[in-house]
Amino acid sequence: MSRYTPLPVTRTRRALALLGAVTLAAACTTTEDPPGSAPATTAPATASASAPPTEPPSPGASTPVTIPTSAFVELPAELRKSPRRTTPVEEALPKLCGNEFGTGGRQVTASAAMTVTYQKAGEPSSNVPQGMIHQTIFTFDGDGASGYLSRLRTAVQACPSYDQSGIRVTVKSQALPGVGDEALLMTRTWPETSLNGERTGDTASSQIAVARVDNAVTVFDDQGWEGTSGNPAILDRVVRDGVRTIDAWQR
C-alpha cells in the first residue's frame, strides 16, 4: 500500500500559483541587463541563401556628372570687368538660323553655363565693359561629343546668313587648329549701327568658338557690349585657357 498522501486541494493551488509567479519573474529579469553590465552581443544576421546577389552596373550605364565652377575659365584680373556668374544654358547658347547649338541629344549627361564680362587691359574701372563671353559646357556618353561637333558643322554650313532684328548677319566657319581634340570657329558680321540704331557705314563682328575635350564640349559666345564688335584676341585667349581648364578638371 502506497505511503503517498495527496495534498489538500487548497495547498495544491497555492503551490501552482507560487510556481507560476517564480517562472514569470525569471522571464522578466532576463530581458534587461543589470546596471553597469555590458550590452548583450547579438549575433550578426546572415543573408538568406536564396537572396539573389547584387548585380554590378552595366558597362553602358551613365554615371551622374556635376560640372563644377572650377571647370569654367576665369579671366585674368586685368581683363575682368566683373566676376563670372552662372547663366541658364538656354540663354548662354548662341542662335543663328535656329537651335544649332542645342542639339546635344540623349547622350548629354550634364550641362552648365557661366558668363564673364571683360574690358580692355589698362582701362579705368569707370569705363563701360567691352563685351561678355558666355561659356557653356556639355558632357556626353560614348561618342556623343564628336557627334555634336559633326551635327554642328552641318548645321552651320546650312546657315550662311540670317536676319536679326531686321539686320542681315553673315556667318563664316573654319577649323580652329591646336585647340582641344577638335574645334570650330564661327565669325558673324553685320552692318554696324549707332546707339540710335542708325547705320554708321562700318561693319561689326563677333565670334563663336566650339571645342571638344575628350567627352566634353564647350561653346564660347563672344558678344560686344550693346551690339558692338567683340574682341577676337580676348576670345582666342579665353578659348585656349578654357580648354586647358576643362582638361585639368577631367584628369
Q250 and V213, any side-chain heavy atoms less than 4.5 Å apart: yes

Considering only NZ, NE, NH1 and NH2 on the basic side and carboxylate oxygens on the acidic side, decide whether E123 and K81 come within less than 4.0 Å. no

Taking side chain as C-beta onward, heavy atoms only, is Q223 less than 4.5 Å from H134? yes

Report whether L235 and I137 are members of the same hydrophobic cluster (ILVMFWY, side-chain heavy atoms less than 4.5 Å apart, transitive linking). yes

Is there a path from V169 to L184 through hydrophobic residues (I, L, V, M, F, W, Y) whose side chains come within less than 4.5 Å of each other? yes

Between the side chain of Y118 and the main-chain N/O of S82, is any donor-acceptor distance below 3.5 Å? no

Atom CG of L79 and atom CZ of R237: how far apart are they, to the nearest 0.5 Å? 5.5 Å

Output all residues satisfying side-chain contact (heavy atoms from CB on, under 4.5 Å) with A211, sequence neighbours left out; order by chain, then residue number. V179, A183, T218, V243

Name of the residue among R188, K172, R168 meeting side chain to side chain donor-acceptor pair (under 3.5 Å) with S161: R168

If you take all heavy atoms of M186 and S173, which pair is closest and at what distance? CG-CB, 3.7 Å

Do R199 side-chain atoms and T193 backbone N/O form a donor-acceptor pair below 3.5 Å? no

Is there side-chain contact between E74 and V116, with heavy atoms separated by less than 4.5 Å? yes

Report the C-alpha separation of V128 and Q119 in whole Å, then their side-chain angles, then the decisive distance to 0.1 Å, and conclude whether the side-chain contact (heavy atoms from CB on, under 4.5 Å) test is met. CA-CA 8 Å; V128 299; Q119 63 185 7; over 6 Å; no

With a 4.0 Å cut-off, would you call R244 and D247 a salt bridge? no

Would you confirm whether T139, through its side chain, and A110, through its main-chain N or O, come within 3.5 Å as a donor-acceptor pair? yes

Rounded at 0.5 Å granularity, tell me how far CG in D241 sits from CD1 in I234. 11.5 Å

d(I67 CD1, T109 OG1) to nearest 0.5 Å is 7.0 Å

Linking I/L/V/M/F/W/Y whenever any side-chain heavy atoms sit under 4.5 Å apart, do I246 and I133 land together? yes

Correct closest heavy-atom pair for A155 and E100 would be CB-CG, 3.7 Å

Nearest heavy atoms of A209 and V239, plus distance in Å: CB-CG2, 3.5 Å

Ring pair (Phe, Tyr, Trp, His ring centres under 6.0 Å) with Y148: which residues, sequence neighbours excluded? F138, F140

Hey, does the side chain of T86 reach the backbone of M114 with a donor-acceptor pair shorter than 3.5 angstrom? no

T187 and S205: which non-hydrogen atoms are nearest, and at how many Å? CG2-CB, 4.4 Å

side-chain contact (heavy atoms from CB on, under 4.5 Å) evaluation trace for T170 with W190: CA-CA 7 Å; T170 60; W190 64 93; over 6 Å; no

Is F220 linked to W249 within one hydrophobic cluster, defined over Ile, Leu, Val, Met, Phe, Trp and Tyr using a side-chain heavy-atom separation of less than 4.5 Å? yes

Return the minimal non-hydrogen interatomic distance between A145 and D214, and the atom names on each side. CB-O, 3.7 Å

Nearest heavy-atom approach of L93 to G102 is CD1-CA, 4.1 Å

Would you kindly confirm whether I208 and V73 end up in one hydrophobic cluster when ILVMFWY residues are joined by side chain heavy atoms under 4.5 Å apart? no

